[in-house]
S.K.: 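Encoded as structure tokens, here's the structure I'll be asking about.
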There are 2 protein chains.
Amino acid sequence: MIKTAANKSRASGRITLAMVAERAGVATMTASRAITQPDMVSQALRDRVEQAVTELGYVPNRAARALASSQSKVIAVLVPSLSNAVFTEVLAGVQDALDADDYQILIGNTRYSDKEEEKLIGTYLQSNPDGMLLSGLSHSPRVQQILTNSRVPVVSMMDMSTDPAQLTVGFSQFQAGHAMTRYLIEKGHKRIGFIGAQLDERTLRRAEGYRRAMLDAGLADIKLEVMVGEPSTIALGAELVGRMLAQAPDCDAIFCCNDDLAHGAIYQCQRRGIAVPSQLAICGFNDLPASAWMNPSLTTIGTPRYRIGFEAARLLRAVIKGEQPANRQIDLGFTLMARESA
Amino acid sequence: MIKTAANKSRASGRITLAMVAERAGVATMTASRAITQPDMVSQALRDRVEQAVTELGYVPNRAARALASSQSKVIAVLVPSLSNAVFTEVLAGVQDALDADDYQILIGNTRYSDKEEEKLIGTYLQSNPDGMLLSGLSHSPRVQQILTNSRVPVVSMMDMSTDPAQLTVGFSQFQAGHAMTRYLIEKGHKRIGFIGAQLDERTLRRAEGYRRAMLDAGLADIKLEVMVGEPSTIALGAELVGRMLAQAPDCDAIFCCNDDLAHGAIYQCQRRGIAVPSQLAICGFNDLPASAWMNPSLTTIGTPRYRIGFEAARLLRAVIKGEQPANRQIDLGFTLMARESA
DNA sequence: CTGAAAGCGCTTACAG
DNA sequence: CTGAAAGCGCTTACAG
């Protein structure tokens, strides 16, 4: 029967469990168990199956397993960027947390686009994932609808949610933006600018924190904001510091919404002969590796992105296993790194 | 029959093609065709199926499709690092090249480990990928064996191969290392150090290029090499420039095997009051974004990593489709970026 | 501990 | 252009 199957035109040519079973002289079922639940098979048969597996070079077919068990062992992770070190560290945390569990991790890059996110979620849903890890809290209505219908467990990463039902791991982007602004105010700065790019939800929340602090201190001025939708780069930071200075020449400190922009701002100041921090204080957000090393070193917010990925994956795994997590919202906090630039 | 199926305990609860077909009043086959080969179905039936799909919110089951068609529509990509911008750009190229083709891209991070690579390839083979994209030419014998047995098409990225049978997209790491060293020699430097970290195959090939040039110029000296297995970081570059200077105090130029190390070296020189390039010339490899902007700007080798990913994916796609590529080895070259630091 | 039967949700191959 | 049957390679649910 196995041989006939192999002769039929639809056979893939791969070694199948049935072939392994035949070689080991057991039923397919037993071969299956010997591989996936070895404890339930006698030592003797287990050995014979293992040997057949080795001799034949058997590789299980994941599609067949997924179809039969309706368990895909797939976890999809969506991040808005792969060129941003923040998210590659999130991914590293996710991978480390799931490493031993035989999960297949599907990494999706939404490129900061709701459309891309929708497309990726649609594609990934075809793989019937056991769970999903999403970046951010804000998703298009369609995405929310699709997610609800699919009944796939979802954990949101990066920011804290106000909805207690939502599973979330991150820190408050608003509070971090507020804390950095308070730091600059307490240093005696009065004309504190904010440079924001990409304008993703995290940047917008940081800007809200900045505005809250400026308003409360009576320092708010719309001229002190430079917001652009382009992706954050060093080159853009260099350009925007110029724009800020043109727009608010008396600006004495700039809070950049991330370190890339801040690096560009500092390099630009160096070229223009603007002393940092004495003439212009500059700070960033995320604490990338270069920030501690450059001269002047960069004052910034340290963010726990590796741990966000790690804890989010643990939380998702627990939920997939049917556990009721004690804490559905995990706030990992942030750290203000006061250095030379501000 | 469909209803009974839904009542059986093994049903997943998902909407199936059979349900769509029933709703549209056609056979499952026709529903299948209406979705995957719409041209082969009459307008009337196609519309009815489409409507049923929408009403039911049908999502195709990829595992079932893969199993029935023995076509996974999966392409696996293995890179040694996700924190290294070089490889995230390679991935961006791969994604862009495959974007329209409905391929599912499996991204694997080998962390510069042969063991991890072996493990990932084993896992990915379970998904019966249509093709694989690998970083580098050097793989463990076991991996080569597994790959050969699997008969999965493979394209190697990053370096050029001497084996004409191998599908390869990249540039010569050896020649690039050689060119940078020649540049420093022609600038009049005599005591040119080489700093290498991670010691992956690309770094080793660059070092060989350096040695060849030094040897030919009669400048070779083992004291001028600092090679360590740790991952490349800015912090490590800062440390190793100190080690180089301790080991070869008369060193007048340093070729760092990548930009991260070079950045660290420059920052360290700034802190120690060593003038770059007048006292010590420093150059790197890869031309990361910061390299053009920092002060002094970094002399380095520009590498076409986005295009490597893009062209490698195109080549793989062509091979999967059964085409005979005109060129099995695509050399994308490199560019020496002469700037302020050397 | 072991196995024969049925089924997971699709597509292939063949007819009509 | 349309469809009934069989099969992809595994696991579940039941028996023994």
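Numbered from 1 within each chain, the chains take letters A, B, ... in sequence-line order.
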S.K.: What nucleotide among D:dT11, D:dG9, C:dA13 has an atom nearest to a side-chain atom of A:Asn61?
M.R.: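 Closest nucleotide to the A:Asn61 side chain: D:dG9.
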
S.K.: Using whole Å, report how far CG of A:Leu67 lies from P of C:dC10.
M.R.: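 My rounded result for the distance is 9 Å.
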
S.K.: So, B:Ser161 versus B:Gln166: side-chain donor-acceptor pair below 3.5 Å or not?
M.R.: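 Yes.
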
S.K.: If each of B:Gln43 and A:Ala66 is mapped to the nucleotide of DNA chain D with the nearest heavy atom, which maps nearer the 5' terminus, i.e. the 5' end?
M.R.: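 Checking each residue's closest nucleotide, the 5'-ward one belongs to B:Gln43.
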
S.K.: Could B:Lys73 and B:Asp130 be called an ion pair, given the rule that one side-chain N must be under 4.0 Å from one carboxylate O?
M.R.: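 No, no charged N to carboxylate O under 4.0 Å.
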
S.K.: Reading DNA chain C 5' to 3', what string of ( ), [ ], | and . shows its pairs, if Watson-Crick and G-U wobble pairs count only when both distances fall under 3.5 Å?
M.R.: |||.||||||||.|||

S.K.: Could you state the CD-P distance from A:Glu22 to C:dA4, rounded to the nearest angstrom?
M.R.: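 Rounded to the whole Å, the gap is 13 Å.
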
S.K.: Base, sugar-phosphate, or nothing for A:Ala64, non-hydrogen atoms under 4.0 angstrom?
M.R.: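 Touches a base.
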
S.K.: Expressed in angstrom and rounded to an integer, what is the separation of A:Arg48 atom CZ from C:dT2 atom C1'?
M.R.: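 In whole Å, C:dT2 C1' lies 11 Å from A:Arg48 CZ.
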
S.K.: Rounded to the nearest 0.5 Å, what separates atom CD in B:Gln95 from atom CG in A:Leu82?
M.R.: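 CG of A:Leu82 is found 6.0 Å from CD of B:Gln95.
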
S.K.: Take atom NZ of A:Lys73 and atom C1' of D:dT11, then tell me their distance rounded to the nearest Å.
M.R.: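 Going from A:Lys73 (NZ) to D:dT11 (C1'), I get 15 Å.
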
S.K.: Expressed in angstrom and rounded to an integer, what is the separation of A:Met29 atom CE from C:dA5 atom C1'?
M.R.: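 Spelled out: CE on A:Met29 to C1' on C:dA5 is 11 Å.
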
S.K.: Mind checking B:Arg14 for me? I need base, sugar-phosphate or nothing, with any heavy atom below 4.0 Å counting as a touch.
M.R.: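 Nothing, no nucleic acid heavy atom in range.
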
S.K.: Whether the A:Thr168 and A:Gln329 side chains hold a donor-acceptor pair (N or O, under 3.5 Å, no angle test) is what I'd like checked.
M.R.: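 Yes, A:Gln329 and A:Thr168 have a side-chain donor paired with an acceptor closer than 3.5 Å.
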
S.K.: From CD of B:Gln71 over to P of D:dG9, roughly how many Å is that when rounded to an integer?
M.R.: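 The answer, rounded to whole Å, is 15 Å.
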
S.K.: Among side-chain atoms of A:Gln145 and A:Asn149, is any donor-acceptor pair under 3.5 angstrom?
M.R.: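 Yes.
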
S.K.: Using the side-chain heavy atoms of B:Ser69, tell me which of these nucleotides is nearest: C:dC8, D:dG3, C:dT11.
M.R.: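 Nearest to the side chain of B:Ser69 among the choices is C:dT11.
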
S.K.: Just the rounded figure in Å: distance from P of D:dT2 to CE of B:Met40.
M.R.: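 My rounded result for the distance is 10 Å.
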
S.K.: If you pin B:Ala63 and B:Gln37 to their nearest nucleotides in DNA chain C, which one's is more 5'?
M.R.: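 The answer here is B:Ala63.
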
S.K.: Side chain of B:Tyr58 only, heavy atoms from C-beta on: which candidate in C:dG9, C:dC10, D:dT11 is closest?
M.R.: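 The answer is C:dC10.
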
S.K.: Can a donor-acceptor pair under 3.5 Å be found between the side-chain atoms of A:Arg62 and the base atoms of D:dG9?
M.R.: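 There is none.
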
S.K.: Report the nucleotide, chosen from C:dT11, D:dT2, D:dA13, that has the shortest atom-to-atom distance to any side-chain atom of B:Ala68.
M.R.: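 Of all the options, the side chain of B:Ala68 is nearest to C:dT11.
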
S.K.: Answer with base, sugar-phosphate or nothing: what part of the nucleic acid does B:Ser42 contact at a heavy-atom distance below 4.0 Å?
M.R.: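 If one applies the 4.0 Å heavy-atom cut-off, B:Ser42 turns out to touch the sugar-phosphate alone, with no base involved.
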
S.K.: With no hydrogens and no angle check, do the side chains of B:Arg14 and A:Asn128 hold a donor and an acceptor under 3.5 Å apart?
M.R.: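 Yes, side-chain donor-acceptor contact under 3.5 Å.
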
S.K.: Quick one: which of D:dC14, D:dC10, C:dC10 gets closest to the side chain of B:Thr16?
M.R.: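 For the B:Thr16 side chain, the nearest candidate turns out to be C:dC10.
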
S.K.: When you get a sec, tell me which of C:dG3, D:dG9, C:dT11 is the closest nucleotide to the side chain of A:Ala27?
M.R.: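 Comparing C:dG3, D:dG9, C:dT11 against the side chain of A:Ala27, the answer is C:dG3.
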
S.K.: So does B:Gln324 have more than 12 non-hydrogen atoms from other groups sitting under 6.0 Å from CD?
M.R.: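 Open.
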
S.K.: Check whether A:Glu201 reaches the backbone of A:Ser138 with its side chain - one donor and one acceptor, N or O, closer than 3.5 Å.
M.R.: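 Yes: the side chain of A:Glu201 pairs with the backbone of A:Ser138.
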
S.K.: Below 4.0 angstrom from OP1 or OP2 of C:dT11, is there any side-chain N or O of B:Ser32?
M.R.: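 Yes.
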
S.K.: As a test of reading the structure: which of C:dA5, D:dT2, C:dC10 is closest to the side chain of B:Leu45, going by heavy atoms?
M.R.: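 Closest of the options to the side chain of B:Leu45: D:dT2.
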
S.K.: Please give, in whole Å, the distance from D:dG9 P to A:Ile35 CD1?
M.R.: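 My rounded result for the distance is 15 Å.
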
S.K.: Measuring from the side chain of A:Thr30 (C-beta onward, heavy atoms only), which nucleotide among D:dT2, D:dT11, C:dG3 has the closest atom?
M.R.: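 Looking only at heavy atoms from C-beta outward on A:Thr30, the closest nucleotide is C:dG3.
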
